S.K.: 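Dumping the structure here so I can ask a few things about it.
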Amino acid sequence: MSLDVIMDIVSWIAILAGSAFMLIGAIGTLRFPDFWARVHAVSVTDSAGMLLLTLGMCIQGGFTLVTAKLVIIGVFLFITGPTATHAVANAALVSGFLPKGADKFCSEKKKLSPEVKKTKAKKRAPLKGKL
Amino acid sequence: MFAAAAIALFIGMVIVLFRLYAGPTLYDRVLAGNAFGTYTVLFIGVLGFLTGRPDFLDIALLYALINFVGTIVVLKYFRYRAIGDTSPTPRGTPAERGRLKDQGAKS
């Protein structure tokens, strides 16, 4: 078995696994019941599927300009994909969007000191009028 | 094998579009749009390899850049109802504002 064949096999495995991850993430995006569950499904495509597919394409490209471009795309997507997902989740949380069934665990709110409550109310207050 | 990857990515794009259409809340739609952008970038790359012309990767890189900025801009717009300067309206007397600004500059 020469090196080329081994690299081919590795790249095919990476590409197939990446495709499987992308499909799994898409199905999860469609089927999960809740926004917060869907974030998990999307983060699978953002990290695992993207990295595996880019890795497989890099191995197929060899030492060329194509590989350099693929590395740039991979690094950029690896940084910005989770960042964008985090931004969406953070925006949803700030807008007062709680996970399904989170009301059970919210009894701690009553134990919060009044000062904390006040500051939280102040932070949220200007938004309510606008939205 | 690139054909299999392309087909898987295409099916994924279609499924994510369903979520983009049906998403009950705004954040579901933004999330699906962001995922759709990632799918598109990878699909363009795979399509370039499939047709033997990997020159499409420039377009994929450009799409990745636009996708990130677009997601952030949509979120910012629906949070503040403005895309440009969203700094809160100044409070207090002008002297106080100047003092605050100086503190901000120092730190």
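Reminder, nothing fancy here: chain letters follow the sequence lines and each chain counts from 1. Just so you know, these numbers come straight off a predicted model, no measurement behind them.
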S.K.: B/Leu47 and A/Ile59: same hydrophobic cluster, using ILVMFWY side-chain contacts below 4.5 Å?
M.R.: no
S.K.: Heavy-atom distances under 4.5 Å only: say whether A/Phe35 touches chain B with side chain, backbone, both or neither.
M.R.: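 Both parts, backbone and side chain.
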S.K.: Within a radius of less than 6.0 Å around CZ of A/Phe78, do more than 12 heavy atoms belonging to other residues, nucleotides or ligands occur?
M.R.: no
S.K.: What part of A/Phe21 gets within 4.5 angstrom of chain B, counting heavy atoms only: side chain, backbone, both, or neither?
M.R.: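 When you check distances to chain B, no heavy atom of A/Phe21 falls under 4.5 Å.
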S.K.: Are B/Leu17 and B/Phe10 connected in a single hydrophobic cluster, I mean Ile/Leu/Val/Met/Phe/Trp/Tyr linked by side-chain heavy atoms less than 4.5 Å apart?
M.R.: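 Yes, same cluster.
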S.K.: Output, in order, the C-alpha distance, side-chain angles, deciding distance and verdict of side-chain contact (heavy atoms from CB on, under 4.5 Å) for B/Ile15 and A/Thr29.
M.R.: CA-CA 8 Å; B/Ile15 292 175; A/Thr29 311; 5.7 Å; no
S.K.: For B/Pro24 versus A/Arg38, what's the shortest heavy-atom pair and its separation?
M.R.: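 Looking at all heavy atoms of both residues, the shortest contact is CD-NH1, 4.0 Å.
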S.K.: Is A/Ile73 in contact with chain B via its backbone, its side chain, both, or neither, using a 4.5 Å heavy-atom distance?
M.R.: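 Contact with chain B: backbone and side chain both.
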S.K.: Is chain A contacted by the side chain of B/Asp28, its backbone, both, or neither, given a heavy-atom distance below 4.5 Å?
M.R.: both
S.K.: Which atoms of B/Val14 come close to chain A, meaning under 4.5 Å heavy atom to heavy atom: side chain ones, backbone ones, both, or neither?
M.R.: neither
S.K.: Can you tell me how far the CZ atom of B/Phe2 sits from the OG atom of A/Ser19, to the nearest 0.5 Å?
M.R.: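 Spacing of CZ (B/Phe2) from OG (A/Ser19) equals 9.5 Å.
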S.K.: Between B/Asn34 and A/Asp46, is a side-chain contact (heavy atoms from CB on, under 4.5 Å) present by the stated rule, with each step listed?
M.R.: CA-CA 9 Å; B/Asn34 186 30; A/Asp46 268 348; 4.2 Å; yes
S.K.: How many angstroms lie between atom OH of B/Tyr39 and atom OG1 of A/Thr45, to the nearest 0.5 angstrom?
M.R.: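 The OH atom of B/Tyr39 sits 4.5 Å away from the OG1 atom of A/Thr45.
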S.K.: Are A/Val44 and A/Leu55 co-members of a hydrophobic cluster defined by side-chain heavy atoms under 4.5 Å apart?
M.R.: no
S.K.: Give, as side chain, backbone, both or neither, the part of B/Leu26 having an atom under 4.5 angstrom from any heavy atom of chain A.
M.R.: neither
S.K.: Would you say A/Ile15 and B/Phe49 make side-chain contact, with heavy atoms under 4.5 Å?
M.R.: no
S.K.: Going hydrophobic residue to hydrophobic residue with side-chain gaps under 4.5 angstrom, can you get from B/Ile59 over to A/Val75?
M.R.: no
S.K.: Quick one: do A/Ile24 and A/Val39 end up in the same hydrophobic cluster if we chain Ile, Leu, Val, Met, Phe, Trp and Tyr together by side-chain heavy atoms under 4.5 Å apart?
M.R.: no
S.K.: What part of B/Ile72 gets within 4.5 angstrom of chain A, counting heavy atoms only: side chain, backbone, both, or neither?
M.R.: side chain
S.K.: Which bit of B/Leu9 is near chain A, if near means a heavy-atom gap under 4.5 Å: side chain, backbone, both or neither?
M.R.: side chain
S.K.: Please classify the contact between B/Tyr27 and chain A as side chain, backbone, both or neither, with a heavy-atom cut-off of under 4.5 Å.
M.R.: both
S.K.: Show the nearest heavy-atom pair for residues B/Leu75 and A/Ala91, with the distance to one decimal.
M.R.: CD2-CB, 3.9 Å
S.K.: With rounding to the nearest 0.5 angstrom, report the NZ to CG distance, A/Lys69 to B/Asp58.
M.R.: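 The distance works out to 3.5 Å.
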S.K.: Specify which of B/Ala64, B/Gly12, B/Ala22 makes the most heavy-atom pairs with chain A at under 4.5 Å.
M.R.: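 Greatest number of close heavy-atom pairs with chain A: B/Ala64.
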S.K.: Going through the distances and angles, do A/Thr80 and B/Leu65 end up as a side-chain contact (heavy atoms from CB on, under 4.5 Å)?
M.R.: CA-CA 9 Å; A/Thr80 60; B/Leu65 293 165; over 6 Å; no
S.K.: Below 4.5 Å from any heavy atom of chain B, which atoms of A/Leu30 appear? Answer side chain, backbone, both or neither.
M.R.: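 A/Leu30 touches chain B through backbone and side-chain heavy atoms alike.
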S.K.: Less than 4.5 Å to any heavy atom of chain B: does that hold for the side chain of A/Val42, its backbone, both, or neither?
M.R.: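 The side chain, not the backbone.
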